[in-house]
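By convention in this document, chain letters (A, B, ...) are assigned in the order of the sequence lines, proteins followed by strands, and residues within each chain are numbered from 1. These numbers were taken from a predicted model, which means no experiment stands behind them.
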Amino acid sequence: MEMLLLIVVLILLVLVLWAIFTINKFKRLDIKVDEALSGIEVALEKRYDMLTKLLDAAKVYITHEKEVFNEVINLHKGMSVEDLKAADQKMNNVTGGLLALAEGYPELRSSEVFVSLEEGIKDAEEHLQAARRVYNANVSAYNTALAMFPSSLLKGARLPRDFYEIEDHKREDVKISI
Amino acid sequence: MDKAALNKIIQKYKSLKILGIIITLGGFCLFMFGSLSFSSWGFDLNSILGRSLIAFVLMIFGMYLYGRGKKKIKSEVGAVLAKEILSPYFEDLVYEHNGLIAKEEFKRVDLHLPYFERIISGDKIEGRYKGRDIMLMDIRLTKRQKNGKNSTTVTVFSGPYIRLAMDNKVTDEIIVCQRGKLFDKGIELEDVEFNEHFNVYSQSEHAAFYLLTPPVMAKIKAFDTAAGGDIYLNFHPDGYLYAAINNGLNAFEIQMGDKDADGIIEHFKEDLNQLLMIIDYLQEL
(Lines give C-alpha, C1' and ligand atoms only; values in the text may rest on other atoms or scores of the structure.)
Protein backbone atom coordinates (compact mmCIF):
# COMPACT_ATOMS: atom_id res chain seq x y z
CA MET A 1 0.00 0.00 0.00
CA GLU A 2 2.80 2.37 0.98
CA MET A 3 4.66 1.48 -2.17
CA LEU A 4 1.62 2.28 -4.30
CA LEU A 5 1.21 5.61 -2.54
CA LEU A 6 4.86 6.41 -3.16
CA ILE A 7 4.49 5.64 -6.86
CA VAL A 8 1.38 7.82 -7.12
CA VAL A 9 3.16 10.68 -5.34
CA LEU A 10 6.16 10.30 -7.64
CA ILE A 11 3.96 10.33 -10.74
CA LEU A 12 2.15 13.43 -9.48
CA LEU A 13 5.46 15.12 -8.75
CA VAL A 14 6.72 14.38 -12.26
CA LEU A 15 3.47 15.71 -13.72
CA VAL A 16 3.65 18.91 -11.66
CA LEU A 17 7.28 19.45 -12.64
CA TRP A 18 6.44 18.86 -16.32
CA ALA A 19 3.49 21.26 -16.09
CA ILE A 20 5.69 23.96 -14.52
CA PHE A 21 8.35 23.43 -17.17
CA THR A 22 5.84 23.50 -20.02
CA ILE A 23 3.98 26.59 -18.80
CA ASN A 24 7.29 28.38 -18.24
CA LYS A 25 8.34 27.38 -21.72
CA PHE A 26 5.16 28.90 -23.18
CA LYS A 27 5.80 32.05 -21.17
CA ARG A 28 9.44 32.23 -22.25
CA LEU A 29 8.56 31.78 -25.91
CA ASP A 30 5.74 34.33 -25.60
CA ILE A 31 8.16 36.89 -24.16
CA LYS A 32 10.59 36.18 -26.97
CA VAL A 33 7.85 36.83 -29.52
CA ASP A 34 7.06 40.17 -27.82
CA GLU A 35 10.75 41.08 -27.77
CA ALA A 36 11.02 40.24 -31.45
CA LEU A 37 7.97 42.39 -32.17
CA SER A 38 9.55 45.34 -30.40
CA GLY A 39 12.62 44.66 -32.55
CA ILE A 40 10.43 45.26 -35.60
CA GLU A 41 9.15 48.49 -34.02
CA VAL A 42 12.71 49.71 -33.51
CA ALA A 43 13.70 48.79 -37.07
CA LEU A 44 10.59 50.52 -38.46
CA GLU A 45 11.33 53.68 -36.45
CA LYS A 46 14.87 53.71 -37.80
CA ARG A 47 13.55 53.30 -41.32
CA TYR A 48 10.96 56.03 -40.73
CA ASP A 49 13.68 58.46 -39.54
CA MET A 50 15.78 57.75 -42.61
CA LEU A 51 12.77 58.17 -44.87
CA THR A 52 11.85 61.51 -43.27
CA LYS A 53 15.41 62.75 -43.81
CA LEU A 54 15.31 61.55 -47.41
CA LEU A 55 12.05 63.42 -48.00
CA ASP A 56 13.52 66.59 -46.47
CA ALA A 57 16.56 66.28 -48.71
CA ALA A 58 14.32 65.74 -51.73
CA LYS A 59 12.27 68.88 -50.98
CA VAL A 60 15.33 71.05 -51.65
CA TYR A 61 15.53 69.80 -55.24
CA ILE A 62 11.91 69.08 -56.07
CA THR A 63 10.56 72.63 -55.95
CA HIS A 64 7.98 72.52 -58.72
CA GLU A 65 5.59 70.25 -56.85
CA LYS A 66 3.21 72.27 -54.72
CA GLU A 67 1.33 69.53 -52.90
CA VAL A 68 2.71 68.27 -49.66
CA PHE A 69 3.64 64.72 -48.86
CA ASN A 70 0.31 63.36 -47.70
CA GLU A 71 0.96 59.75 -46.77
CA VAL A 72 0.40 59.58 -43.01
CA ILE A 73 2.41 56.97 -41.22
CA ASN A 74 1.67 56.44 -37.56
CA LEU A 75 4.27 54.82 -35.35
CA HIS A 76 3.91 54.41 -31.62
CA LYS A 77 4.93 51.93 -28.96
CA GLY A 78 2.94 48.73 -28.49
CA MET A 79 1.52 48.54 -32.00
CA SER A 80 -0.17 45.33 -33.10
CA VAL A 81 1.27 43.15 -35.84
CA GLU A 82 -1.40 44.38 -38.25
CA ASP A 83 -0.61 48.06 -37.49
CA LEU A 84 3.08 47.44 -37.92
CA LYS A 85 2.46 45.67 -41.21
CA ALA A 86 0.34 48.56 -42.43
CA ALA A 87 3.04 51.09 -41.47
CA ASP A 88 5.68 48.89 -43.08
CA GLN A 89 3.60 48.67 -46.25
CA LYS A 90 3.12 52.44 -46.39
CA MET A 91 6.83 53.03 -45.96
CA ASN A 92 7.55 50.59 -48.78
CA ASN A 93 5.21 52.47 -51.02
CA VAL A 94 6.57 55.89 -50.04
CA THR A 95 10.16 54.80 -50.54
CA GLY A 96 9.41 53.22 -53.90
CA GLY A 97 7.43 56.26 -55.02
CA LEU A 98 10.06 58.73 -53.89
CA LEU A 99 12.89 56.87 -55.59
CA ALA A 100 10.84 56.73 -58.79
CA LEU A 101 10.13 60.45 -58.54
CA ALA A 102 13.82 61.18 -57.93
CA GLU A 103 14.65 59.58 -61.29
CA GLY A 104 13.44 62.77 -62.92
CA TYR A 105 15.85 64.92 -60.88
CA PRO A 106 19.46 63.96 -61.75
CA GLU A 107 20.89 66.61 -59.41
CA LEU A 108 19.00 65.10 -56.51
CA ARG A 109 20.08 61.55 -57.36
CA SER A 110 23.74 62.54 -57.57
CA SER A 111 23.77 64.65 -54.40
CA GLU A 112 25.90 63.24 -51.59
CA VAL A 113 23.13 63.59 -49.02
CA PHE A 114 20.66 61.69 -51.16
CA VAL A 115 23.13 58.91 -51.92
CA SER A 116 24.06 58.49 -48.26
CA LEU A 117 20.41 58.55 -47.15
CA GLU A 118 19.54 56.00 -49.81
CA GLU A 119 22.28 53.79 -48.39
CA GLY A 120 20.88 54.41 -44.91
CA ILE A 121 17.41 53.36 -46.03
CA LYS A 122 18.83 50.22 -47.60
CA ASP A 123 20.59 49.38 -44.35
CA ALA A 124 17.43 50.12 -42.33
CA GLU A 125 15.45 47.82 -44.63
CA GLU A 126 17.99 45.04 -44.17
CA HIS A 127 17.68 45.44 -40.39
CA LEU A 128 13.90 45.40 -40.72
CA GLN A 129 14.06 42.24 -42.76
CA ALA A 130 16.25 40.62 -40.08
CA ALA A 131 13.81 41.75 -37.38
CA ARG A 132 10.91 40.23 -39.35
CA ARG A 133 12.77 36.94 -39.68
CA VAL A 134 13.60 36.90 -35.94
CA TYR A 135 9.94 37.53 -35.17
CA ASN A 136 8.67 34.84 -37.53
CA ALA A 137 11.21 32.30 -36.22
CA ASN A 138 10.04 32.99 -32.66
CA VAL A 139 6.36 32.83 -33.65
CA SER A 140 7.06 29.52 -35.37
CA ALA A 141 8.71 28.15 -32.19
CA TYR A 142 5.83 29.42 -30.04
CA ASN A 143 3.08 28.08 -32.31
CA THR A 144 4.85 24.73 -32.62
CA ALA A 145 5.12 24.45 -28.84
CA LEU A 146 1.39 25.18 -28.52
CA ALA A 147 0.48 22.62 -31.15
CA MET A 148 2.69 19.77 -29.92
CA PHE A 149 1.21 16.98 -27.85
CA PRO A 150 1.22 16.60 -24.85
CA SER A 151 2.24 20.22 -24.14
CA SER A 152 -0.85 21.33 -26.12
CA LEU A 153 -2.94 20.05 -23.18
CA LEU A 154 -1.62 22.93 -21.09
CA LYS A 155 -1.96 25.74 -23.61
CA GLY A 156 -5.19 26.94 -21.97
CA ALA A 157 -6.43 30.18 -23.52
CA ARG A 158 -3.21 30.80 -25.39
CA LEU A 159 -3.70 31.25 -29.12
CA PRO A 160 -1.18 30.94 -31.93
CA ARG A 161 0.49 34.23 -32.82
CA ASP A 162 0.27 35.80 -36.27
CA PHE A 163 3.24 35.71 -38.59
CA TYR A 164 4.60 38.93 -39.99
CA GLU A 165 4.22 38.65 -43.72
CA ILE A 166 4.37 41.41 -46.23
CA GLU A 167 2.01 40.65 -49.04
CA ASP A 168 3.62 41.63 -52.30
CA HIS A 169 0.34 41.95 -54.19
CA LYS A 170 -0.70 44.72 -51.84
CA ARG A 171 2.24 46.85 -52.89
CA GLU A 172 0.94 49.59 -55.05
CA ASP A 173 2.49 52.49 -56.81
CA VAL A 174 1.71 55.50 -54.71
CA LYS A 175 1.66 58.89 -56.24
CA ILE A 176 3.73 61.12 -54.06
CA SER A 177 3.85 64.81 -54.25
CA ILE A 178 6.12 67.09 -52.31
CA MET B 1 67.19 30.70 -56.85
CA ASP B 2 67.12 28.51 -59.97
CA LYS B 3 65.80 24.97 -60.04
CA ALA B 4 69.23 23.42 -60.62
CA ALA B 5 70.54 24.98 -57.41
CA LEU B 6 67.43 23.86 -55.53
CA ASN B 7 67.77 20.32 -56.88
CA LYS B 8 71.38 20.30 -55.72
CA ILE B 9 70.26 21.23 -52.20
CA ILE B 10 67.51 18.59 -52.32
CA GLN B 11 70.01 15.91 -53.35
CA LYS B 12 72.46 16.97 -50.65
CA TYR B 13 69.92 16.75 -47.85
CA LYS B 14 68.24 13.66 -49.29
CA SER B 15 71.62 11.95 -49.08
CA LEU B 16 71.81 13.08 -45.46
CA LYS B 17 68.37 11.60 -44.83
CA ILE B 18 69.33 8.31 -46.46
CA LEU B 19 72.54 8.21 -44.41
CA GLY B 20 70.45 8.81 -41.32
CA ILE B 21 68.15 5.91 -42.22
CA ILE B 22 71.12 3.59 -42.87
CA ILE B 23 72.78 4.47 -39.57
CA THR B 24 69.49 4.03 -37.67
CA LEU B 25 68.93 0.64 -39.30
CA GLY B 26 72.54 -0.31 -38.59
CA GLY B 27 72.05 0.51 -34.94
CA PHE B 28 68.84 -1.50 -34.88
CA CYS B 29 70.52 -4.52 -36.52
CA LEU B 30 73.43 -4.28 -34.08
CA PHE B 31 71.00 -4.35 -31.20
CA MET B 32 69.05 -7.30 -32.56
CA PHE B 33 71.65 -9.49 -34.19
CA GLY B 34 75.13 -8.17 -33.41
CA SER B 35 77.68 -10.44 -31.89
CA LEU B 36 80.74 -8.32 -32.40
CA SER B 37 83.80 -8.56 -30.36
CA PHE B 38 85.91 -5.52 -29.84
CA SER B 39 87.76 -7.03 -26.98
CA SER B 40 91.02 -6.02 -28.61
CA TRP B 41 89.86 -2.41 -28.05
CA GLY B 42 89.35 -3.12 -24.43
CA PHE B 43 85.51 -3.35 -24.66
CA ASP B 44 83.51 -6.47 -24.30
CA LEU B 45 80.82 -5.73 -26.77
CA ASN B 46 79.51 -9.22 -26.67
CA SER B 47 77.69 -8.22 -23.54
CA ILE B 48 74.10 -7.12 -24.08
CA LEU B 49 74.72 -3.86 -22.29
CA GLY B 50 77.67 -2.88 -24.48
CA ARG B 51 75.83 -3.71 -27.68
CA SER B 52 72.71 -1.90 -26.56
CA LEU B 53 74.68 1.21 -25.74
CA ILE B 54 76.37 1.44 -29.12
CA ALA B 55 73.10 0.59 -30.94
CA PHE B 56 71.24 3.27 -29.03
CA VAL B 57 73.84 5.93 -29.86
CA LEU B 58 73.78 4.93 -33.54
CA MET B 59 70.00 5.06 -33.73
CA ILE B 60 69.86 8.48 -32.08
CA PHE B 61 72.55 9.82 -34.39
CA GLY B 62 70.83 8.32 -37.46
CA MET B 63 67.51 9.86 -36.51
CA TYR B 64 69.19 13.20 -35.91
CA LEU B 65 70.73 13.14 -39.40
CA TYR B 66 67.38 12.19 -40.93
CA GLY B 67 65.55 14.96 -39.07
CA ARG B 68 68.20 17.50 -39.97
CA GLY B 69 68.01 16.58 -43.65
CA LYS B 70 64.23 16.85 -43.61
CA LYS B 71 64.27 20.18 -41.78
CA LYS B 72 66.88 21.63 -44.12
CA ILE B 73 64.91 20.63 -47.23
CA LYS B 74 61.84 22.27 -45.75
CA SER B 75 63.58 25.48 -44.71
CA GLU B 76 65.94 25.91 -47.66
CA VAL B 77 63.77 24.55 -50.46
CA GLY B 78 60.18 24.31 -49.25
CA ALA B 79 60.07 27.84 -47.84
CA VAL B 80 61.64 29.32 -50.99
CA LEU B 81 59.27 27.51 -53.33
CA ALA B 82 56.19 28.18 -51.19
CA LYS B 83 56.98 31.88 -51.18
CA GLU B 84 57.51 31.86 -54.95
CA ILE B 85 54.19 30.09 -55.56
CA LEU B 86 52.26 32.31 -53.15
CA SER B 87 53.63 35.68 -54.23
CA PRO B 88 51.53 36.07 -57.43
CA TYR B 89 48.34 35.73 -55.38
CA PHE B 90 49.14 37.65 -52.20
CA GLU B 91 50.23 41.27 -51.88
CA ASP B 92 52.65 42.25 -49.09
CA LEU B 93 53.30 38.56 -48.54
CA VAL B 94 55.01 37.38 -45.37
CA TYR B 95 55.56 33.62 -45.21
CA GLU B 96 56.99 31.82 -42.19
CA HIS B 97 57.28 28.09 -42.53
CA ASN B 98 57.59 27.79 -38.76
CA GLY B 99 54.98 30.45 -38.05
CA LEU B 100 53.46 30.12 -34.61
CA ILE B 101 50.28 31.24 -32.96
CA ALA B 102 50.06 31.66 -29.20
CA LYS B 103 47.46 29.47 -27.49
CA GLU B 104 45.97 32.53 -25.74
CA GLU B 105 45.69 34.45 -29.01
CA PHE B 106 44.11 31.42 -30.66
CA LYS B 107 41.65 30.95 -27.80
CA ARG B 108 40.66 34.65 -27.84
CA VAL B 109 38.34 33.91 -30.73
CA ASP B 110 35.86 31.20 -29.88
CA LEU B 111 35.20 28.83 -32.76
CA HIS B 112 33.58 26.06 -30.72
CA LEU B 113 36.40 23.75 -31.77
CA PRO B 114 36.76 20.34 -30.11
CA TYR B 115 38.51 20.36 -26.72
CA PHE B 116 42.31 20.47 -27.07
CA GLU B 117 45.37 20.89 -24.90
CA ARG B 118 48.14 21.64 -27.35
CA ILE B 119 48.35 23.63 -30.56
CA ILE B 120 50.95 22.99 -33.26
CA SER B 121 51.11 25.49 -36.09
CA GLY B 122 53.17 26.24 -39.19
CA ASP B 123 53.21 27.71 -42.68
CA LYS B 124 51.94 31.10 -41.62
CA ILE B 125 50.94 33.29 -44.56
CA GLU B 126 50.11 36.97 -44.07
CA GLY B 127 49.27 39.58 -46.66
CA ARG B 128 46.43 40.84 -48.80
CA TYR B 129 44.30 38.63 -51.04
CA LYS B 130 41.95 40.28 -53.55
CA GLY B 131 42.24 43.51 -51.61
CA ARG B 132 41.53 42.06 -48.18
CA ASP B 133 43.87 41.45 -45.24
CA ILE B 134 44.42 37.79 -44.61
CA MET B 135 46.36 35.48 -42.35
CA LEU B 136 46.30 31.74 -42.70
CA MET B 137 48.23 28.89 -41.21
CA ASP B 138 48.11 25.14 -40.72
CA ILE B 139 47.15 24.07 -37.24
CA ARG B 140 46.94 20.79 -35.44
CA LEU B 141 45.16 20.50 -32.12
CA THR B 142 45.90 17.60 -29.84
CA LYS B 143 44.88 16.27 -26.47
CA ARG B 144 45.96 13.45 -24.18
CA GLN B 145 43.62 10.51 -24.06
CA LYS B 146 43.75 7.85 -21.40
CA ASN B 147 43.66 4.20 -22.41
CA GLY B 148 43.61 2.34 -19.13
CA LYS B 149 46.93 3.08 -17.45
CA ASN B 150 48.53 4.54 -20.57
CA SER B 151 47.75 7.80 -22.26
CA THR B 152 48.19 8.69 -25.89
CA THR B 153 48.13 11.94 -27.85
CA VAL B 154 45.23 12.19 -30.25
CA THR B 155 44.65 14.80 -32.94
CA VAL B 156 41.24 16.44 -32.59
CA PHE B 157 41.65 18.98 -35.39
CA SER B 158 43.96 19.33 -38.36
CA GLY B 159 43.61 21.84 -41.16
CA PRO B 160 43.83 25.50 -42.13
CA TYR B 161 43.03 28.36 -39.76
CA ILE B 162 42.17 31.62 -41.51
CA ARG B 163 41.64 35.23 -40.46
CA LEU B 164 40.09 37.31 -43.24
CA ALA B 165 39.06 40.98 -43.16
CA MET B 166 35.32 41.44 -43.74
CA ASP B 167 33.62 44.15 -45.77
CA ASN B 168 30.84 44.58 -43.24
CA LYS B 169 31.39 44.82 -39.53
CA VAL B 170 29.13 42.84 -37.24
CA THR B 171 27.94 44.27 -33.94
CA ASP B 172 28.11 40.98 -32.05
CA GLU B 173 30.17 37.83 -32.34
CA ILE B 174 28.40 35.23 -34.52
CA ILE B 175 29.67 31.68 -34.44
CA VAL B 176 28.65 29.07 -37.00
CA CYS B 177 29.96 25.58 -36.38
CA GLN B 178 29.18 22.00 -37.21
CA ARG B 179 26.17 20.70 -35.33
CA GLY B 180 27.29 18.95 -32.20
CA LYS B 181 25.32 17.89 -29.17
CA LEU B 182 21.66 17.08 -29.67
CA PHE B 183 20.28 19.53 -27.12
CA ASP B 184 22.77 22.30 -27.75
CA LYS B 185 20.96 24.05 -30.58
CA GLY B 186 21.89 27.72 -30.24
CA ILE B 187 19.90 30.03 -32.50
CA GLU B 188 17.47 28.30 -34.85
CA LEU B 189 17.18 29.90 -38.27
CA GLU B 190 14.36 29.31 -40.75
CA ASP B 191 16.40 27.02 -43.01
CA VAL B 192 15.76 23.48 -41.72
CA GLU B 193 18.66 21.94 -43.67
CA PHE B 194 21.03 24.62 -42.34
CA ASN B 195 19.86 23.97 -38.77
CA GLU B 196 20.46 20.24 -39.22
CA HIS B 197 24.09 20.85 -40.18
CA PHE B 198 25.11 23.84 -38.10
CA ASN B 199 24.79 25.44 -34.70
CA VAL B 200 24.67 29.23 -34.54
CA TYR B 201 25.67 31.11 -31.40
CA SER B 202 25.45 34.83 -30.70
CA GLN B 203 24.50 37.16 -27.88
CA SER B 204 22.20 38.92 -30.34
CA GLU B 205 19.60 36.94 -32.24
CA HIS B 206 19.00 39.98 -34.46
CA ALA B 207 22.70 40.20 -35.42
CA ALA B 208 22.68 36.50 -36.37
CA PHE B 209 19.58 36.88 -38.55
CA TYR B 210 20.93 40.12 -40.05
CA LEU B 211 24.14 38.42 -41.14
CA LEU B 212 22.83 34.96 -41.97
CA THR B 213 20.39 35.80 -44.73
CA PRO B 214 19.10 32.93 -46.92
CA PRO B 215 21.75 33.58 -49.64
CA VAL B 216 24.53 33.57 -47.01
CA MET B 217 23.20 30.33 -45.52
CA ALA B 218 23.20 28.79 -49.01
CA LYS B 219 26.83 29.88 -49.47
CA ILE B 220 27.84 28.36 -46.12
CA LYS B 221 26.18 25.07 -47.10
CA ALA B 222 28.02 25.08 -50.43
CA PHE B 223 31.29 25.87 -48.64
CA ASP B 224 30.66 23.01 -46.22
CA THR B 225 30.26 20.58 -49.12
CA ALA B 226 33.43 21.80 -50.85
CA ALA B 227 35.66 22.19 -47.78
CA GLY B 228 36.17 18.47 -47.22
CA GLY B 229 35.77 18.61 -43.44
CA ASP B 230 33.94 20.22 -40.55
CA ILE B 231 33.87 24.02 -40.78
CA TYR B 232 33.99 26.51 -37.91
CA LEU B 233 33.31 30.22 -38.51
CA ASN B 234 33.38 33.25 -36.27
CA PHE B 235 32.20 36.61 -37.62
CA HIS B 236 33.91 38.85 -35.09
CA PRO B 237 33.16 42.49 -34.19
CA ASP B 238 36.89 43.24 -34.69
CA GLY B 239 36.13 43.22 -38.44
CA TYR B 240 37.55 39.78 -39.23
CA LEU B 241 36.06 36.48 -40.18
CA TYR B 242 37.87 33.63 -38.44
CA ALA B 243 37.57 30.18 -39.98
CA ALA B 244 38.95 26.74 -39.23
CA ILE B 245 38.43 23.74 -41.50
CA ASN B 246 39.08 20.27 -40.15
CA ASN B 247 40.00 18.71 -43.50
CA GLY B 248 43.47 17.40 -42.62
CA LEU B 249 45.18 19.72 -45.09
CA ASN B 250 48.80 20.36 -44.14
CA ALA B 251 49.92 22.64 -46.93
CA PHE B 252 53.44 23.12 -48.26
CA GLU B 253 54.93 20.01 -46.68
CA ILE B 254 57.52 18.14 -48.73
CA GLN B 255 56.48 14.52 -49.14
CA MET B 256 58.58 11.40 -49.69
CA GLY B 257 57.37 11.23 -53.30
CA ASP B 258 58.59 14.76 -54.15
CA LYS B 259 61.75 13.90 -56.08
CA ASP B 260 62.89 17.33 -57.27
CA ALA B 261 61.95 21.01 -57.39
CA ASP B 262 59.41 20.42 -60.18
CA GLY B 263 57.68 17.69 -58.16
CA ILE B 264 57.56 19.94 -55.11
CA ILE B 265 56.17 22.85 -57.14
CA GLU B 266 53.45 20.63 -58.60
CA HIS B 267 52.48 19.36 -55.19
CA PHE B 268 52.56 22.85 -53.61
CA LYS B 269 50.35 24.19 -56.39
CA GLU B 270 47.73 21.58 -55.54
CA ASP B 271 47.86 22.70 -51.89
CA LEU B 272 47.58 26.34 -52.94
CA ASN B 273 44.57 25.64 -55.17
CA GLN B 274 42.81 23.99 -52.27
CA LEU B 275 43.60 26.96 -50.00
CA LEU B 276 42.49 29.52 -52.59
CA MET B 277 39.23 27.65 -53.10
CA ILE B 278 38.56 27.89 -49.36
CA ILE B 279 39.48 31.58 -49.23
CA ASP B 280 37.29 32.37 -52.24
CA TYR B 281 34.32 30.75 -50.52
CA LEU B 282 35.02 32.80 -47.38
CA GLN B 283 35.32 36.01 -49.42
CA GLU B 284 31.78 35.41 -50.65
CA LEU B 285 30.30 35.35 -47.15
Would B:Y161 and B:D138 satisfy side chain to side chain contact (heavy atoms under 4.5 Å, CB included), going step by step from the backbone distance to the final call?
CA-CA 6 Å; B:Y161 173 70; B:D138 293 328; over 6 Å; no
Where do B:Y232 and B:D110 land on the side chain to side chain donor-acceptor pair (under 3.5 Å) test, with the steps shown first?
CA-CA 9 Å; B:Y232 302 84; B:D110 185 11; over 6 Å; no
Which atoms of A:N136 come close to chain B, meaning under 4.5 Å heavy atom to heavy atom: side chain ones, backbone ones, both, or neither?
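Interface part for A:N136: neither.
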Tell me, please, whether A:Y164 has A:R132 positioned over its six-membered ring: NZ or CZ under 6.0 Å from the ring centre and within 45 degrees of its axis?
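No, cation not above the ring by the 6.0 Å, 45° rule.
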So what's closer than 4.5 Å to chain A heavy atoms on B:L189: side chain, backbone, both or neither?
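It is the side chain, since no backbone atom gets that close.
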Where does B:E190 contact chain A at under 4.5 Å (heavy atoms): side chain, backbone, both or neither?
side chain
Checked A:E35, A:Q129, A:K32 vs chain B; the most non-hydrogen pairs under 4.5 Å come from A:K32
Any non-hydrogen side-chain atom of B:I120 less than 4.5 Å from a side-chain atom of B:R118?
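Yes, their side chains come closer than 4.5 Å.
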